[in-house]
Amino acid sequence: MDDINVLHHRCLLNLRRRMRDIGDGRPAQERYMRLQKDGDILSYQGNSEEVGCYVAGHPLSKGNCYFEVTIVDTGVRGTIAVGLVPKFYRLDHQPGWLPYSVAYHADNGKLYNGNPVGQQFGPKCARGDRIGCGIHSENIEGGFTTVFFTKNGKEVGSVEVPISAEGLFPAVGMHSMGEEVKVDLQAEWFLEEDDSMMMVDSHEDDWGRLYDVRVSGTLLEYVGKGKSIMDVGLAQARQPLTTRCHYYEVEIVDAGEKCYIALGLARRDYPKNRHPGWSRGSVAYHADDGKIFHGSGIGDAFGPRCFKGDIMGCGIMFPRDYILDGEGDMDDWDQLEVHPGQAGVQNFVYLNDEEEEEDDGDEVEQEQEGRKVTVFFTRNGKLMGRREMVVPPGGLYPTVGMLSSGEKVKVDLHPLSG
């Protein structure tokens, strides 16, 4: 068996080398099967039993990170898929069915993420609808990227997917007679101009991203469906925590049906339909079960559960001489001043000397992995615990998640400021 496995491995390596050599020897070309292409129009040419698939010649990149597909005709079944696939994806499979591919399917509104079994994701799409797919260009390193989908210019949701060195290529799949679409590989989509903000009343400038959350002064109210884990309501602050403003608090005004309330910190491009802590680049304390979630959907026992009236806090203990990228440019925060002892919370803005000495031996490791800080959480002014994490590019942003009907929280982004 060992000899057979070695032979199989060598065959795979040789195949990859041949495909790479072919790609290097000629200009990038789009690929398609069982489809007719006339300019930017693709139409299905199969017998409704076999899949037809189109793969673009170039992957998405920082300079070209989004494309759109307009449904011209849904045909017999409307089995149209839009997504991203590897360079040499099999053209007899719908995008999203095979590993390292992801796609939004128009006929059932499901997301297929490297699996022929889809998950409920968004609304179905019909004739005239525009389905968009893109990547967050700020986050295409480390082997993963965040892929998002839109319908008629409004974001439906996003998901983290692995990405190969060759990148992810725009793809369209069709599977029934009469289906026809128009592809725009140069489409543009601007987050700030769409549904990223639902801001009203005062304090609206405090928030950079709001999904299924209504703002009224300092009050955040969940207005989503609350029927599945995809219905997360997310509120993310406009500015990250810094050494000048390193702590914020959330008071539970109404626990709603389930008290699925979470507060924590997340990267700027955090997926909108994921609770804080569930995905990479985030950490959060969840009120319903008292667990801490750190870049994973599986939490660890951390502190007590929280209920109506409880005040949950989250902050960062920065190493001394720590400077966040762009921190000096945040004019809005220049007047903030930290006062130890307010609100019953110790000023943890810097790690103590003992902790600094313990970290000295790990300087080389930290330089390789990224800048590390210690995130801490409080409940009613008492420290619950700490968790070390690497700061993503751009910093860590206060992020609040809610997921059940009736949930309301009051947020104070500057409880220690004068």
Side-chain angles (χ1 to χ4, degrees), residues 155 192 194-227 229 231-241 245-266 268 270-278 282-290 293 303-315 332-333 336 342-345 377-382 384 396-418:
E155 185 172 350
E192 297 294 336
D194 287 277
D195 65 345
S196 62
M197 299 183 187
M198 297 166 53
M199 301 179 180
V200 295
D201 301 328
S202 60
H203 294 269
E204 64 180 20
D205 290 338
D206 288 338
W207 302 100
R209 301 172 66 208
L210 288 164
Y211 301 96
D212 286 341
V213 172
R214 180 165 54 225
V215 179
S216 179
T218 60
L219 188 72
L220 300 181
E221 179 182 1
Y222 177 67
V223 294
K225 298 178 181 178
K227 295 182 179 180
I229 62 172
D231 296 329
V232 170
L234 194 75
Q236 187 174 72
R238 184 176 296 276
Q239 301 287 5
L241 292 189
C245 191
H246 69 288
Y247 176 77
Y248 79 104
E249 288 183 335
V250 168
E251 178 183 353
I252 301 177
V253 176
D254 193 327
E257 292 183 358
K258 303 289 186 179
C259 198
Y260 290 154
I261 298 169
L263 94 159
L265 301 172
R268 185 176 184 179
Y270 191 77
K272 74 169 189 177
N273 54 356
R274 299 285 290 173
H275 241 331
W278 283 358
S282 70
V283 63
Y285 179 19
H286 286 224
D288 61 309
D289 55 13
F293 291 76
R305 297 170 60 191
C306 299
F307 305 93
K308 179 178 179 179
D310 284 333
I311 298 176
M312 305 169 69
C314 178
D332 293 342
W333 289 25
L336 291 177
Q342 292 190 11
V345 178
F377 293 91
T378 66
R379 178 178 180 269
N380 298 328
K382 295 183 179 180
M384 291 293 100
L396 288 166
Y397 291 72
T399 306
V400 178
M402 293 182 277
L403 189 53
S404 76
S405 177
E407 292 171 348
K408 298 178 183 178
V409 299
K410 182 177 180 182
V411 182
D412 188 349
L413 292 173
H414 318 301
L416 303 182
S417 62

Which atom names give the shortest non-hydrogen contact between [X] and [Y], and what distance separates them?
X      : Y      : answer
Trp278 : Phe293 : CD1-CD2, 3.7 Å
Gly217 : Val215 : O-CG1, 3.6 Å
Ala287 : Ile252 : CB-CD1, 4.1 Å
Cys259 : Asp288 : O-CB, 3.2 Å
His286 : Pro276 : NE2-O, 2.9 Å
Ala235 : Leu210 : CB-CD2, 3.4 Å

Any Asn380 side-chain heavy atom under 4.5 Å of Asp310 side chain: yes
Among Leu263, Thr218, Ile261, Leu219, side chain to side chain contact (heavy atoms under 4.5 Å, CB included) partner for Val409: Ile261
I need the [X] [atom1] to [Y] [atom2] distance, nearest 0.5 Å.
X      : Y      : atom1 : atom2 : result
Trp207 : Gln236 : CH2   : CD    : 9.5 Å
Lys227 : Ser404 : NZ    : OG    : 14.0 Å
Leu220 : Arg214 : CG    : CZ    : 11.5 Å
Tyr222 : Met402 : OH    : CE    : 9.0 Å
Thr399 : Arg268 : OG1   : CZ    : 12.0 Å

Tyr397 and Arg209: CA distance, side-chain angles, deciding distance, side-chain contact (heavy atoms from CB on, under 4.5 Å) verdict: CA-CA 11 Å; Tyr397 291 72; Arg209 301 172 66 208; over 6 Å; no
Parallel, tilted or perpendicular: ring planes of Phe377 versus Tyr285, cut at 30 and 60 degrees: perpendicular
Trace of the side-chain contact (heavy atoms from CB on, under 4.5 Å) decision for Leu234 with Val400: CA-CA 6 Å; Leu234 194 75; Val400 178; over 6 Å; no
For the backbone of [Y] and the side chain of [X], can you confirm whether one donor and one acceptor N or O come within less than 3.5 Å of each other?
X      : Y      : result
Arg305 : Asp289 : no
His275 : Leu403 : no
Arg274 : Val232 : no
Tyr248 : Gly264 : yes
Lys258 : Gly226 : no
Glu249 : Ile311 : no
Asn273 : Asp231 : no

Trace of the side-chain contact (heavy atoms from CB on, under 4.5 Å) decision for Cys306 with Arg379: CA-CA 8 Å; Cys306 299; Arg379 178 178 180 269; 3.6 Å; yes
